[in-house]
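A short write-up of the structure that comes next.
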Amino acid sequence: MPAHNADIARIFRNVAEYLEINGANAFRVRAYENAARTVESMARDVADMVAADEDLSGLPGIGEDLAKKIREIVDTGSLPLLEKLRAENPPGLLELLRVEGLGPKRVGILREKLGVESLDDLRKAVDSGAVRDLEGFGEKSEAKIGRALSALEKGRVTHEMSRMRLDEAEGFALPLLDHIRAVEGVVRAEPAGSLRRRKETVGDLDMVAVCDDPEKGPARVMDAFAAYDRVEEVVSKGETRATVRLRNGPSADLRVVPAESFGAALHYLTGSKAHNVRLRGMAEDQGCKVNEYGVFRGEERVAGETEEDLYAFFGMDFIPPELREDTGELEAARKHRLPALVTLADMRGDLHAHTDASDGRAGLEEMAEAARSRGYDYLAITDHSQAVTVAHGLDADRLAALIDAVDRVNDGLSGITLLKGCEVDILEDGSLDLPDSILKRLDLTVCSVHSRFGLPRDAQTERIVRAMDNPHFTILGHPTGRLIGKREPYAVNMERVIAAAAERGVFLELNAHPERLDLDDRHCRAAKEAGVLVAVSTDAHSPGGLDTMRFGLGQARRGWLEAKDVLNTRSLRELKKLLKR
DNA sequence: GCCGTTTTCGGCCCGACTGTTTTCAGTCG
Ligand SMILES: Nc1nc2c(ncn2[C@H]2C[C@H](O)[C@@H](COP(=O)(O)OP(=O)(O)OP(=O)(O)O)O2)c(=O)[nH]1
Ligand SMILES: [Mg+2]
Ligand SMILES: [Mg+2]
Ligand SMILES: [Zn+2]
């Protein structure tokens, strides 16, 4: 089995868990977690670096030892240390760490005193009432563990415990925020955490509220939060923070702070954890302390009312939430070299949309009007080609008719231009699904892989690169084929794909559908470095589909993209120049 | 296990909530 970055990261996380549950030094555990994060955040396949005999110990959090371990994983497909840990520990042991409220210390006690080595063992121990008599446990702990176990058992069946898509998370978060904003004394309530960082999946919801009544206010907010009608269980509830589990939904954390700490609290709860830890470490070097109440020099608070003043205190520019992953943003902010991230206002059009000519729901005029009303100057009509039979893909004759129809509709339009396009399948041999004779009549093509996802990595890469050699190839659609939470990306060497795109002057799509977000953030960054422009496109199948642009932009921003890095920020004139090969 | 224009050893973020605790450890964000 070839080891890709995700595999290496998984192995390191696994090692970290085994070390943690066996009481290893917490910083050693963290070293493995940090290494996992580093590898995971890379666009390049580490395996390719190993093959090229490149130095790995220069990567952040990777020293001599972990570099050697990475090479072992790449060369043999496994890590002897992990194999040893697996052999030494009972199979279900790590599951115990998934139980809310159980960490390495308490698992250690349960193991030693009661022989608990799996969730089943734990269930029996709880039901027998043996847990309450353990040192450091009691009746309440036992009951709480029992509840956490039940939640886990239930969640495992219904997948409630897994991370959810960003758009789904928003569906839970926005009404809850409205609920909090309606509480007396609340002057502000904002989303934080991974949702605010626009991560493609969200584990739980995090929010910050400001209360103008320091006496009674916070308790009132906590009570209202716990009383929200979609709350299934109040997990914890204190004076300034509470955690609830929503029915058929995620958990939610709320933090309430006074106005003067809003910036620091929002910063804390926005994270990421790695970003926080890093900034706090930097603060220490400067003789200060950062917490959720502000920046402190001794007892004196010197910043923290806003995020801007917090960063400014350290000589940094404001870091947009999407960048806060500790992948170089803190250094860039200090050097005043942060990118000016692309925004919705920069977008001049959409380059991937379907109509009822294939599997879309609306006609040309309706889609044009939808694009115009969103302030766009152009919309590319890119219905499917014939290979996608389930979507009534177009053959050459039907595409010709559609081209004529677009011309006719354009004549009657003002303030918006429809571009003639097609989402053309890339066939297994790398040829395109329609003849050049019809493709040459188009303004652009979105070329996509919709079949044979299981090709070996080299063959898949070759297939895509060969397709790019076709002079009518314009944009590579949803480049890795991933469906978040449903389908892994197909095996492909994206480093080569990006280089090939750069050589040929073609573009990569960032499909904005919240189930795709493909290119992902890492590859956006790599594309930018290679000088390849990214088309952020909605793949709309209806007028409303155009509104997923903001999800695509979230991912583009996570990938450090500026307006100049995005193809469809160009005016129609500039775009047409760029589309000529 | 990583890291270093103040260190190659000795640090590694800081605080809320819970429960069991006579003063705090464990877990989590
Ligand atoms: N300083 C500090 N902040 C933390 C720590 N753990 C979490 N945070 C902050 C940063 C996180 O973004 C924020 C919310 O925590 P979550 O566990 O909900 O993580 P996040 O929302 O980033 O990801 P998620 O999608 O929920 O898994 O709290 C920590 O150990 N130290
Ligand atoms: Mg969260
Ligand atoms: Mg949280
Ligand atoms: Zn499409």
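Not measured: the values here are computed from a predicted model. Chain identifiers are assigned alphabetically (A, B, ...) following the order of the sequence lines, protein sequences preceding nucleic acid strands; residue numbering begins at 1 within each chain.
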Should the pair [X]-[Y] be classified as a salt bridge under the 4.0 Å nitrogen-to-oxygen rule?
X: A:E292; Y: A:R241; result: no
X: A:E529; Y: A:R44; result: no
X: A:K216; Y: A:E184; result: no
X: A:E83; Y: A:R86; result: yes

Verdict with reasoning, A:D520 to A:H523, per side chain to side chain donor-acceptor pair (under 3.5 Å): CA-CA 6 Å; A:D520 70 20; A:H523 292 130; 3.3 Å; yes

Rounded distance (nearest 0.5 Å) linking atom CZ of A:F12 with atom CG of A:L19: 11.5 Å

Base, sugar-phosphate, or nothing for [X], non-hydrogen atoms under 4.0 angstrom?
X: A:V29; value: nothing
X: A:R278; value: nothing
X: A:L19; value: nothing
X: A:D65; value: sugar-phosphate
X: A:D206; value: sugar-phosphate
X: A:L279; value: nothing
X: A:V99; value: sugar-phosphate
X: A:E139; value: sugar-phosphate
X: A:E135; value: nothing

Take atom [atom1] in [N] and the same atom in [M], then report the distance between them in whole Å.
N: B:dC12; M: B:dT18; atom1: P; answer: 28 Å
N: B:dT21; M: B:dA25; atom1: C1'; answer: 9 Å
N: B:dT22; M: B:dA16; atom1: P; answer: 23 Å
N: B:dC9; M: B:dG15; atom1: P; answer: 31 Å
N: B:dG11; M: B:dT7; atom1: P; answer: 15 Å
N: B:dC28; M: B:dT23; atom1: P; answer: 25 Å
N: B:dC14; M: B:dT8; atom1: P; answer: 23 Å
N: B:dC13; M: B:dT27; atom1: C1'; answer: 16 Å

Closest non-hydrogen atom pair, A:G58 against A:D55: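 Heavy atoms of A:G58 and A:D55 come nearest at N-OD2, 3.5 Å.
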
Heavy-atom closest pair, residues A:L310 and A:V295: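 Closest pair (atom of A:L310, atom of A:V295, distance): CG-CG2, 3.9 Å.
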
Derivation of the salt bridge (charged side-chain N to carboxylate O under 4.0 Å, His left out) call for A:D178 and A:R181: CA-CA 5 Å; A:D178 283 340; A:R181 286 179 183 130; 3.5 Å; yes

Residue mapping more 5' on DNA chain B - nearest nucleotide basis, A:D253 or A:K289: A:K289

5'-most by nearest nucleotide on DNA chain B - A:F137 or A:K105: A:F137

A:E325 and its side-chain hydrogen bond (donor to acceptor under 3.5 Å, both in side chains) partner, picked from A:R558, A:H275, A:K273: A:R558

Span of DNA chain B in contact with chain A (heavy atoms, under 4.0 Å):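 Range of nucleotides within reach of chain A: B:dG1 to B:dG29.
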
DNA chain B contacts among residues 261-273 of chain A, heavy-atom distance under 4.0 Å: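 Result for residues 261-273 of chain A: A:Y268, A:K273, sorted by number.
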
Residue-level proximity of residues 304-332 of chain A to DNA chain B when a heavy atom falls under 4.0 Å: none

A:Y293 six-ring face occupied by A:R301 cation (under 6.0 Å, within 45°): no

NZ or CZ of A:R247 within 45° of A:F172 ring axis and under 6.0 Å: no

B:dT8 pairs with, by Watson-Crick or G-U criteria that keep both distances under 3.5 Å: none

Heavy-atom side-chain proximity of A:I8 to A:V74 below 4.5 angstrom: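 SC-SC contact between A:I8 and A:V74 confirmed.
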
